[in-house]
Structures are given as C-alpha cells and as structure tokens.
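Below: one structure, written as structure tokens.
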Amino acid sequence: MAKKKRDTVKVLLADQPREGVLVQGWVRTRRDSKGGFSFIEVNDGSCLKNIQIIAEHKLDSFKYWNKPLTTGSCVSVHGNLVASEGKGQSVEVQAVSIEVHGSADPETYPLQKKFHSLEYLREISHLRPRTNTIGAVMRVRNRLAYSVHRFFNDRGFLYLNTPIITTSDCEGAGEMFQVTTLDMTNPPKNDGKIDYSEDFFGKQTSLTVSGQLEAEIYAMALSLVYTFGPTFRAENSNTSRHLAEFWMIEPEMAFYDLDDNMDLAQEFLQFLFNDVLEHCTGDLEFFNQRIDKHLLETLNQVVSHDFERLPYSEAIHLLEKTSQKFEYSVEWGCNLQAEHERYLAEKVFKKPVIIYNYPETIKPFYMKLNEDGETVRAMDVLLPKLGEIIGGSQREDDYDTLMKRIKQKELDPEEYGWYLDLRKYGSAPHSGFGLGFERLVQFTTGVENIRDVIPFPRTPKHAGF
RNA sequence: UCCGGAGUGGCUCAAUGGUAGAGCAGUCGGCUGUUAACCGACGGGUUACAAGUUCGAAUCUUGUCUCCGGAGCCA
C-alpha cells in the first residue's frame, strides 16, 4: 500500500467533513472524559491552531497504553474529519487509530500547558519552536523571506550570493570575526607577528560584515541585484536589537539616485507588510492579542501612508527647537541618538521617517558627496519603536572624489583597487541599502527581543548548537 | 563595554532581619463533549555561587556568575 499522505492541520481546519484523513504532529494538551474518550489537541506547525482529535478508549488500535500519550508526544492519527459537537471549532478528527511515535515524560518535559516567558524559552531553544509564539514567529519569518525574493524578482533584480569569507572590510571599521586554520596555540610568526601567508588562504580573512561592496561589482554589470545572506559582526553589543550573526538584505541598483533609493525602500517595506497582513493573518492576530496590542494598527498605518522624508539638517533644526528634553544635546554634525530618532518617528510624525543628506564626517567613504561638499547622499529609514531598520546611500561614482574620500578617511587605496576600478571603467550612478532581516521580523511580529525572532541567536558569550 | 534592575519548588511570583508560601505544572482520586476544563488530596526548595555582618540572613555588605531593561556601535 502506498504511503498515506499527511493532511496538514491548516488544510483540515478549512476543510469539509470527509473520511480517511491522516494527522501527524505533536500533542499540545489532552483532556480525558470518563465518557470513554479523550480530547487531544495536535499541532503540526502548519498554522497557529491545533486540531482536536476525539479518541475513543475502546479503539483496538488506540495504543496509548503502550506509550503514554502526554503533552509533547508525537502522534499519527488516522481518522475521519467530522463536524464538531463542541464549541470552539467547526471540525475535528474522529480517530480510527492512533500511534504514538515518541512520548514525553510529563515529569521532566520542560514545556507545560501554561504560559512561559520568552526568557525561559530561550534557555530551551531546542524545544521552543513547539510553542505558539515561536512557531508563529517562524511562519512570519518564512513568509517575509519568501516575499523578499518575490519582490525583487518581480522587479527584475538578480539574487546575488556575495562571499561569506572575505578579505575586504566594508567600512574600515566594525569588528570582524577572523577565519583561520592556523594553530592558535602555536601560530607561525614573522618578525613577532602572526604570518598569515601560511594560513589557509595565504592572507588574513574574516566573516563578512556586509555584501555591499561586492554587490556593487555586479550592479555595475547586471544593473539590479540584491543579496540576502548571513552577516557577522564581532561587536560586543548586548541589546535587544543586535546579533553577532544576522541576515541582511542588500539591494544595489545602477542608475538609481538617492530619491529612487528612498522610493524603493518605502515600496519594499510596504510590500512586505502588506503581504504578511494578507498571508499570515492568524499569526498576526495572535501577536496583536498576546505581544503588542497595537501591532495590526501600526502595520496598517505604515502600509497606508507615505514615509516622511526629512533632510538631516532639518531634523537637527527640528530637534533643536523642540521643548522635549534629551539626554544627548543636538547640534549639526553629530550622530542622531536613539532618543532623537524615536522622538521623530513616534512623537513628531507618528510614522516611518527617512532622514537623508547626512554630514560626510559621520558617514563612510563610499557615500556620494553632495554639491555642498559637506553632506553625503545617505539615508536611514527609522521605524517607530524599533528605530533604524534600513541604512543606505547613493554611492560615490566619481573616481577622483572617491579617491579623495578614501585618503581622507585614512584608508589604503591599494586595498580598494577593484572598487576604484568600478569608477575608472564605465562608472554609473548607483545606489543601494541594507535591511536587517531580524529587525524586520521584530517589527512585523511586535516581538521585542531580537533573540526570539531568529532560530539560533548568536550574541556575545552565546552560541548554542 | 557602560548605567540600572533582578536571580526563591518544573514555571510565574509572594515573603524586607525572626517557622520559606501561593497559583500553575506533576502524581493520585472524582466529575465532565472538553477546549489555558473543573473539584479534592499529595509530593516537591542547601532561596544563583562564595565570603562576611548578626543571637538569627531569601532579606544587610562585598565579590563572582547569569538574566532583563537602557545606552553606545549598528542593521
């Protein structure tokens, strides 16, 4: 007999009564009735909801006396989908046979049928996907990833894989993880320094902090490209918005100026939120109920209004004249602090804000210098509550200006020979931005700590699995 | 890394110098087309760790570790 195909809970719950269904999943809870049957709630991850199994104790193949059918057990249930006699669900499965694949000892199984804090779940991160919250987060995360690819492919962008092991340092700053096969207890040395010519690649290598510079190479040939991959920062950041390993999306577009870049950023974010609102309704309603009471309101607000666009100078002016007290004072030339960004997005405009044309002194060398010689065509997209989600710019496409900026920032032009070549031969105006995928998931789900929106979070002193 | 807060049964929390408790979970029993089921009983803690103050410390002091919130860095 051919293997019976599994019916997902998601499909069954929307289905009409019919015979011969197979449910396979994990038991969330079981309620016994002395009327001679049990109610078993099974979840298979296909959706937030469980399906209710009615299991009569007289069933010959009701094997739960062989292995205890407890919360956390994994089961296969053959049966019939029937209209439910109880309230709370329209259909349920009348079991014909139940097989317990793996039981779970209720005395030690860490997930009880009760509320658990996300902090506690982090301690049992191999079991937390079996909870409503983490399951819902991962479904939304998946949908967002799918939409990212769809958005760009629909618009003629090519998905580009930039190197994970790299020898280039995107900004001449930012701590990087070193990649080496040298014996750390006894590395080869030359003049007292570690001799990397004997290392695997014959030179010092690191994990990438950004694929942007490499993406520019391909944008200068294929016009529209995007990366979507893991990124690594060895910063000792201990916050609810930072990870040492995170996923970043970086589109890079030839012939886009800063305005085009901002247009794309807004269209991109609104597309993603709209798509999730449409396709992850159940999960979002759950978040709206349990995590953030204003989540749906916020998302709907963001997709239905244009983002505010504010030059840096005007932002400074606005912050200077407000009566709002800040911990950090504001003056032209300084970096905007988190409190300033939040004030603008939450208090002044009450929607996403794009700040652009930052002072060149506080931005990296590759951003295009404006005619004023003081500002660069940079832009940051700030979301209410979350803060910065996107950072981007029009890139400097003039060879001489770029060379000047590299020297100004005390970087070595030789290291950037290939990057300068892109301006030397067939240079084109181009722009791009980077979006932190986990921050996107945070904003979409309302989950406050970034460690709860990635399956295996890596933070300082933490790398399980 | 800096600032602040917190570590008490499996989980969420009480007890603020004087006998460590509750709810949930678990076990047992009862009841029930139940649905975060309900009712009753029972078991379960070297109060993160180390040192100190005190007649007496979960409580006060110091150090260490861990977690949470905020800041910086950024995405």
Side-chain angles (χ1 to χ4, degrees), chain A residues 28-42 49-56 68 70-72 82-89 92 94 104-124 131-132 170-171 173-175 209-212 227 230-250 265 290 326-328 335-342 362-364 380-383 386-392 433-443 448-454 459-462:
Chain A
R28 283 296 174 76
T29 169
R30 167 183 143 195
R31 295 174 293 274
D32 292 335
S33 165
K34 283 297 183 294
F37 54 92
S38 296
F39 301 97
I40 303 165
E41 300 261 350
V42 173
K49 287 184 176 149
N50 309 321
I51 195 156
Q52 177 163 283
I53 310 291
I54 309 298
E56 295 200 25
T70 52
T71 296
V82 299
S84 179
E85 289 176 33
K87 298 183 182 99
Q89 62 278 317
E92 62 194 18
Q94 192 81 42
D105 181 358
E107 303 246 18
T108 57
Y109 185 57
L111 293 173
Q112 305 158 359
K113 13 180 223 181
K114 71 185 282 292
F115 171 81
H116 288 105
S117 67
L118 289 170
E119 291 82 11
Y120 170 66
L121 293 178
R122 245 172 259 153
E123 294 171 14
I124 48 166
T131 62
N132 285 336
C170 187
E171 313 200 352
E175 295 298 312
V209 292
S210 165
Q212 180 204 314
T227 74
T231 312
F232 309 86
R233 305 264 169 103
E235 303 285 349
N236 190 11
S237 300
N238 287 289
T239 83
S240 56
R241 299 182 310 283
H242 290 85
L243 291 165
E245 175 181 302
F246 65 100
W247 287 66
M248 190 151 64
I249 297 149
E250 295 177 292
R290 304 292 279 268
F326 296 116
E327 194 183 329
Y328 293 84
N335 249 314
L336 291 181
Q337 304 294 317
E339 57 176 342
H340 304 140
E341 298 181 343
R342 221 176 302 125
I362 57 172
K363 289 292 182 184
D380 283 356
V381 179
L382 313 177
L383 292 179
L386 192 78
E388 184 177 343
I389 191 169
I390 283 179
F433 61 79
L435 177 144
F437 186 55
E438 281 73 21
R439 289 189 182 173
L440 180 73
V441 182
Q442 271 188 286
F443 188 78
E448 287 186 352
N449 197 309
I450 200 165
R451 290 156 211 198
D452 301 320
V453 299
I454 187 167
T459 53
K461 301 275 188 293
H462 291 279

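Here the structure is a predicted model, which is why all the values come from computation and not from measurement. First the proteins, then the strands, lettered A, B, ... as listed; each starts at 1.
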Item checked: Length of the line joining A:Arg233:CZ and B:G72:P, which is rounded to integer Å -> 16 Å

Next item on the list: For A:Ser240, report the nucleic acid contact type (base, sugar-phosphate, nothing); a contact means any heavy atom under 4.0 Å.
Entry: sugar-phosphate

Check: Are the ring of A:Phe246 and the base ring of B:A75 both nearer than 5.5 Å at their centres and tilted by less than 30°?
Finding: yes

Checklist line | Atom pair distance, as rounded to whole Å: CE in A:Met248 and C1' in B:C74 | finding: 10 Å

Next item on the list: Kindly say whether, by distance alone, the side chain of A:Thr239 makes a donor-acceptor pair under 3.5 Å with the base of B:G69?
Entry: no

Margin query: For A:Gln52, give me all partners under side-chain hydrogen bond (donor to acceptor under 3.5 Å, both in side chains), at least two apart in sequence or on another chain.
Written below: A:Arg31, A:Glu92

Check: Do the non-hydrogen side-chain atoms of A:Asp380 and A:Lys363 ever get within less than 4.5 Å of each other?
Finding: yes

Check: Between B:G33 and B:C28, how far is it from one C1' atom to the other, in whole Å?
Finding: 25 Å

Note to self: Distance check needed: B:U34 C1' versus A:Gln94 CD, whole Å only.
What the structure shows: 14 Å

Next item on the list: Identify whether any heavy atom of A:Glu92 sits under 4.0 Å from a base atom; if not, whether one sits that close to sugar-phosphate; answer base, sugar-phosphate or nothing.
Entry: base

Notebook entry, point to check: When you check the phosphate oxygens OP1 and OP2 of B:U34, does a side-chain N or O of A:Arg30 lie under 4.0 Å from one of them?
Noted result: no

Margin query: With nearest nucleotide decided by heavy atoms, which residue, A:Thr70 or A:Ala83, maps closer to the 5′ end of RNA chain B?
Written below: A:Thr70

Margin query: Classify A:Gly88 by what it touches in the nucleic acid, base, sugar-phosphate, or nothing, heavy-atom distance under 4.0 Å.
Written below: base

Note to self: Is the phosphate of B:G69 approached by A:Asn449 (side-chain N or O, under 4.0 Å from OP1 or OP2)?
What the structure shows: yes

Next item on the list: May I ask you to verify if any side-chain N or O of A:Gln52 is less than 4.0 angstrom from the OP1 or OP2 atom of B:U34?
Entry: no

Sort me out a list of protein N/O and nucleotides 10-13 of chain B N/O pairs below 3.5 Å, or just none if empty.
| from | atom 1 | to | atom 2 | distance (Å) |
| --- | --- | --- | --- | --- |
| B:G10 | N2 | A:Gln112 | OE1 | 2.8 |
| B:G10 | N2 | A:Gln112 | NE2 | 3.3 |
| B:G10 | N3 | A:Gln112 | NE2 | 2.8 |
| B:C11 | O2' | A:Lys114 | NZ | 2.9 |
| B:C11 | O2 | A:Lys114 | NZ | 3.0 |
| B:U12 | OP1 | A:Ser117 | OG | 3.0 |

Checklist line | Distance between P atoms of B:C38 and B:G45 (Å, rounded) | finding: 26 Å

Next item on the list: Looking at every strand, decide which applies to A:Arg28 at a 4.0 Å heavy-atom threshold: base, sugar-phosphate, or nothing.
Entry: nothing

Checklist line | Side-chain H-bond candidate by donor/acceptor type, A:Glu448 with A:Ser240, under 3.5 Å | finding: no

Checklist line | Comparing A:Gln89 and A:Pro106 on RNA chain B - which has the more 5′ nearest nucleotide | finding: A:Pro106

Check: Separation of A:Ile54 atom CD1 from B:U34 atom P, in whole Å?
Finding: 11 Å

Under 3.5 Å, N/O pairs linking protein and nucleotides 37-39 of chain B:
| from | atom 1 | to | atom 2 | distance (Å) |
| --- | --- | --- | --- | --- |
| B:A37 | OP2 | A:Arg31 | NH1 | 3.0 |

Check: Do you know which two heavy atoms are closest between A:Glu250 and A:Gly211, and how far apart they sit?
Finding: OE1-N, 2.8 Å

Notebook entry, point to check: Counting any heavy atom closer than 4.0 Å, what does A:Leu243 reach on the DNA or RNA strands: base, sugar-phosphate only, or nothing?
Noted result: base

Notebook entry, point to check: Between A:Glu438 and A:Trp247, which heavy-atom pair has the shortest distance, and what is it?
Noted result: OE1-N, 3.0 Å

Notebook entry, point to check: Closest heavy-atom contact between A:Glu339 and A:Phe326?
Noted result: OE1-CA, 3.5 Å

Check: Will you find, in the side chains of A:Thr459 and A:His462, an N or O donor that is under 3.5 Å from an N or O acceptor?
Finding: no

Check: What are the two closest non-hydrogen atoms of A:Pro460 and A:Glu235, and how far apart are they?
Finding: CG-O, 4.0 Å

Note to self: Any non-hydrogen side-chain atom of A:Leu382 less than 4.5 Å from a side-chain atom of A:Ile389?
What the structure shows: no

Notebook entry, point to check: Expressed in angstrom and rounded to an integer, what is the separation of A:Arg439 atom CZ from B:C73 atom C1'?
Noted result: 10 Å

Margin query: In dot-bracket form, 5' to 3', how is RNA chain B paired? Count Watson-Crick and G-U wobble pairs only if both distances fall under 3.5 Å, and write | where the partner sits on another strand.
Written below: (((((((..((((....[..)))).(((((.......))))).....(((((..]....))))))))))))....

Margin query: In this structure, how many angstroms lie between the P atom of B:A71 and the NE2 atom of A:His340, rounded?
Written below: 12 Å

Checklist line | Presence of donor-acceptor pair under 3.5 Å, side chain of A:Ser237 and base of B:C73 | finding: yes

Next item on the list: Check whether any side-chain heavy atom of A:Phe246 lies under 4.5 Å from a side-chain heavy atom of A:Arg439, and answer yes or no.
Entry: no

Note to self: For a 4.5 angstrom cut-off between non-hydrogen side-chain atoms, does A:Phe39 reach A:Ile53?
What the structure shows: no

Note to self: Roughly how many Å apart are B:G69 and B:C13, using the P atom of each and rounding to a whole number?
What the structure shows: 13 Å

Next item on the list: Compare the minimum distances between each of B:U1, B:C73, B:G33 and the side chain of A:Asn236, then state the nucleotide with the smallest one.
Entry: B:U1

Margin query: Once you apply a heavy-atom cut-off of 4.0 Å, does A:Arg342 come out as touching a base, just sugar-phosphate, or nothing?
Written below: sugar-phosphate

Item checked: C1' spacing across the pair B:G26 / B:U12, given as an integer number of angstrom -> 16 Å

Check: Among all residues two or more places apart in sequence or in another chain, which pass the side chain to side chain contact (heavy atoms under 4.5 Å, CB included) test with A:His116?
Finding: A:Leu111, A:Gln112, A:Lys114, A:Tyr120, A:Leu121

Next item on the list: Tell me, please, which residues at least two apart from A:Glu245 pass side chain to side chain contact (heavy atoms under 4.5 Å, CB included).
Entry: A:Phe232, A:Arg458

Check: Roughly, in whole Å, what's the span from CD in A:Glu245 to P in B:A75?
Finding: 17 Å

Notebook entry, point to check: Can you name the nearest heavy-atom pair linking A:Ala265 to A:Val381, along with the distance?
Noted result: CB-CG2, 4.3 Å

Check: Could you state the CD1-P distance from A:Ile390 to B:A75, rounded to the nearest angstrom?
Finding: 11 Å

Notebook entry, point to check: Using the C1' atom in both, what is the distance from B:G43 to B:A25, to the nearest Å?
Noted result: 13 Å

Margin query: Using the C1' atom as the point on both nucleotides, what is the distance between B:A58 and B:C49, in whole Å?
Written below: 14 Å

Item checked: Under 3.5 Å donor-acceptor, A:Thr70 side chain and A:Asp105 backbone -> no

Item checked: Inter-nucleotide P distance (B:C31, B:G23), Å rounded -> 24 Å

Next item on the list: Can you tell me, in whole Å, how much space there is between the C1' of B:G72 and that of B:G9?
Entry: 40 Å

Next item on the list: With heavy atoms under 4.0 Å as the rule, sort A:Glu327 into base, sugar-phosphate or nothing.
Entry: nothing

